Trainee: 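Quick one: structure below, then a few questions.
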Amino acid sequence: MKKWFVLAFTASLASICAAQTKPAVNKIQTVASTAKQVRKTPVASLPPVKQEQKKPVSFSMSMIENGRIDPAYEGFPVSEIVAAVQKITGASKGEFESTADFNARKIASLNEKVIGESTLNDYFALALPVKKGGKYKEGLAYDFNADTGEVRLFALPNKLSMNGIGAPDYDTNKRQYTDLDQFDLDFKVIAKDTYEASNAYGATVVVEKTMSVRLGVAVNKIPFLNARREKAYTNPSPVAQFTLENANAAKELPALKALIVMKIASPYLIYDYFYAKPTRDDPKEMSMQSKYLTGNILGIVFYSGITGEVFGRVPEAFGRPEVKQEVNAQTQAAQPE
């Protein structure tokens, strides 16, 4: 009798435990199932954060009157100016538009805003890095004598002929330019490829093909640069010089900048095209389209890219507030050959 009671009690207890355990398992399964559903639910995507684009700041002579220039001032990228000029100068005469109306429209377009608040009748400033000059110097460059602390600054334009190829009206108006001061400011490779070529004798070679674009300025002879124009300057005279302690030079000169201030003038944009045919000994095919802004350079200011301190001005009085000089806004057009 006692045995039966113990067995019955044990069975009853087991039954109760089983009954209590079962719902707990169900609850765990439900939670797990819910968790899976939560992971499967896609997270609502947040709207993209709009990055505020910097508005281009127009240049004014007051920016260079003091002994410092804002080192963050970027000027206008030459690529943007070229694109804006190309859009205006590439306008074509309408079918039902008289020549007089077309010319009037082109003149009026010069007063239209092309970049920010600037028109083609305004001054433009190009902010550029100044590179260390090597044995053969060109463009905007510097050199440093570590023994004396002397820094020399150079502004050395190229003087190459330009064939005009690439101009919208080249087929009907072939023009070449030979007597302009040039500064190359931007260079980009836009395409690069390889292909296999063979000659008449069956020899094959892999040719490397490169297409590039070069942008710059080609202006009337700059009167304040007295150096004789050369294709390769071996011993040029500096346009400015000063001294820096070696520690300061190591910090300042790699960050050195220059502002080229210019007034764009007719024909506003000129072109040049270069092509090199591949050969067996030199299997490189190269083509380069060049575009140059024309007009007059009024002055160049060399300054620190860190503090903005002005290190040199060319001409020396350019932009100084104490010199009340009237900047001549009338510019000559670049004349073709």
Side-chain angles (χ1 to χ4, degrees), residues 77-83 85-87 89-90 126 128-141 154-222 227-236 260 267-295 334-337:
V78 66
S79 58
E80 291 187 16
I81 303 175
V82 168
V85 172
Q86 223 172 348
K87 184 177 179 181
T89 58
L126 303 165
L128 308 164
V130 179
K131 299 179 181 179
K132 179 182 178 182
K135 182 179 180 181
Y136 300 102
K137 300 176 179 63
E138 64 176 4
L140 302 175
F154 301 91
L156 305 170
N158 291 324
K159 207 168 192 68
L160 305 174
S161 61
M162 288 169 284
N163 53 36
I165 297 176
D169 60 346
Y170 178 75
D171 291 337
T172 58
N173 191 3
K174 293 178 172 59
R175 291 168 294 187
Q176 292 188 341
Y177 297 83
T178 58
D179 198 30
L180 299 175
D181 283 344
Q182 305 165 31
F183 286 102
D184 297 332
L185 306 180
D186 189 34
F187 175 83
K188 287 182 181 178
V189 174
I190 58 175
K192 202 166 188 177
D193 198 4
T194 58
Y195 63 91
E196 192 174 87
S198 59
N199 59 17
Y201 302 100
T204 60
V205 65
V206 175
V207 177
E208 183 180 289
K209 183 178 180 180
T210 304
M211 299 174 65
S212 57
V213 173
R214 181 173 61 188
L215 305 177
V217 297
V219 298
N220 297 307
K221 186 175 180 179
I222 304 170
R228 185 170 65 89
R229 307 304 192 256
E230 300 178 30
K231 289 185 178 180
Y233 294 87
T234 54
N235 189 28
I260 292 182
Y268 305 103
L269 204 60
I270 57 178
Y271 297 78
D272 185 64
Y273 181 75
F274 168 81
Y275 177 76
K277 187 177 180 180
T279 63
R280 184 184 63 180
D281 296 332
D282 188 16
K284 294 179 181 178
E285 180 183 359
M286 294 181 289
S287 62
M288 179 171 63
Q289 180 69 70
S290 299
K291 303 173 186 178
Y292 290 89
L293 296 166
T294 64
Q335 298 299 322
E337 183 184 42

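Computed from a predicted model, the values in this text were never measured in an experiment. The residues of the chain are indexed from 1 along the displayed sequence.
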Trainee: Could you give the distance from CG (L156) to CD (E138), rounded to the nearest 0.5 Å?
Mentor: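 Here the rounded value is 8.5 Å.
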Trainee: What distance do K192 atom NZ and K209 atom NZ have between them, rounded to the nearest 0.5 Å?
Mentor: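 The distance works out to 14.0 Å.
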Trainee: Please name the pair of heavy atoms, one in P283 and one in V206, separated by the smallest distance, quoted to 0.1 Å.
Mentor: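 So the two residues come closest at CB-O, 3.6 Å.
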Trainee: Which salt bridge (Lys or Arg N to Asp or Glu O under 4.0 Å) pairs, counting each pair once, include a residue from residues 159-170, with sequence neighbours left out?
Mentor: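 Listed by first then second residue: K159-D179, K159-D181, D169-R175.
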Trainee: Are side-chain heavy atoms of S290 and M288 found at a separation under 4.5 Å?
Mentor: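 They are in contact (side-chain heavy atoms under 4.5 Å apart), so the answer is yes.
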Trainee: Can you confirm whether I222 sits close enough to R229 that some side-chain heavy atom of one is under 4.5 Å from a side-chain heavy atom of the other?
Mentor: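 Of all side-chain heavy-atom pairs linking R229 with I222, at least one is under 4.5 Å.
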Trainee: Using every non-hydrogen atom in the two residues, find where S161 and T178 come nearest and quote the distance to one decimal.
Mentor: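 That closest heavy-atom pairing would be CB-CG2, 3.8 Å.
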Trainee: Starting from the C-alpha separation in whole Å, work towards a yes-or-no answer on side chain to side chain contact (heavy atoms under 4.5 Å, CB included) for L126 and I81.
Mentor: CA-CA 10 Å; L126 303 165; I81 303 175; 3.6 Å; yes
Trainee: Would you say that L269 contacts Q86 through its side chain, given a criterion of any heavy-atom pair below 4.5 Å between the two side chains?
Mentor: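 Sidechains of Q86 and L269: in contact.
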Trainee: Distance from I260 atom CD1 to L293 atom CG, nearest 0.5 Å?
Mentor: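 Rounded to the nearest 0.5 Å, the CD1-CG separation comes to 11.0 Å.
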Trainee: Could you go step by step and tell me if V85 and K291 meet the side chain to side chain contact (heavy atoms under 4.5 Å, CB included) rule?
Mentor: CA-CA 11 Å; V85 172; K291 303 173 186 178; over 6 Å; no
Trainee: Does any non-hydrogen side-chain atom of T294 lie less than 4.5 Å from one of V219?
Mentor: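 Heavy-atom side-chain distance check fails, nothing below 4.5 Å.
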Trainee: If the condition is side-chain hydrogen bond (donor to acceptor under 3.5 Å, both in side chains), which residues does Q289 pass it with, not counting sequence neighbours?
Mentor: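 With neighbours one apart ignored, the set is empty.
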Trainee: Can you measure from CD1 (I190) to CE (M211) and round to the nearest 0.5 angstrom?
Mentor: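 I190 CD1 to M211 CE: 4.5 Å, rounded to 0.5 Å.
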Trainee: Can you see whether Y275 engages E285 through a side-chain donor-acceptor pair at a distance of less than 3.5 angstrom?
Mentor: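 Y275 vs E285: donor-acceptor pair found between side chains.
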Trainee: If every non-hydrogen atom of P267 is compared with every non-hydrogen atom of Y177, which pair is closest and at what distance?
Mentor: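 Heavy-atom minimum between the residues: CG-OH, 3.6 Å.
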Trainee: Identify the heavy atoms of V207 and P278 that sit nearest to each other, and give their distance.
Mentor: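 Minimum heavy-atom separation between V207 and P278: CG1-CB, 3.8 Å.
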Trainee: What pair of heavy atoms forms the shortest contact from G164 to Y170, and how long is it?
Mentor: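 The answer is O-CD1, 3.3 Å.
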Trainee: Only pairs at least two apart or in different chains count here, so list each salt bridge (Lys or Arg N to Asp or Glu O under 4.0 Å) that has a residue in residues 272-283.
Mentor: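 Found none.
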Trainee: Could you check whether atom NZ of K174 has more than 12 heavy atoms from other residues, nucleotides or ligands sitting under 6.0 Å from it?
Mentor: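 Enclosed: over 12 neighbouring heavy atoms sit under 6.0 Å from NZ of K174.
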Trainee: Report yes if the side chains of P157 and Y233 come closer than 4.5 Å at any heavy-atom pair, otherwise no.
Mentor: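 Contact flag for P157/Y233 side chains = yes.
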Trainee: Minimum heavy-atom separation for F183 to Y292, with atom names?
Mentor: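 Scanning both residues, the minimum pair turns out to be O-CE2, 4.3 Å.
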Trainee: Quick check: does any side chain N or O of Q182 sit under 3.5 Å from a backbone N or O of G216, one acting as donor and the other as acceptor?
Mentor: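 Absent.
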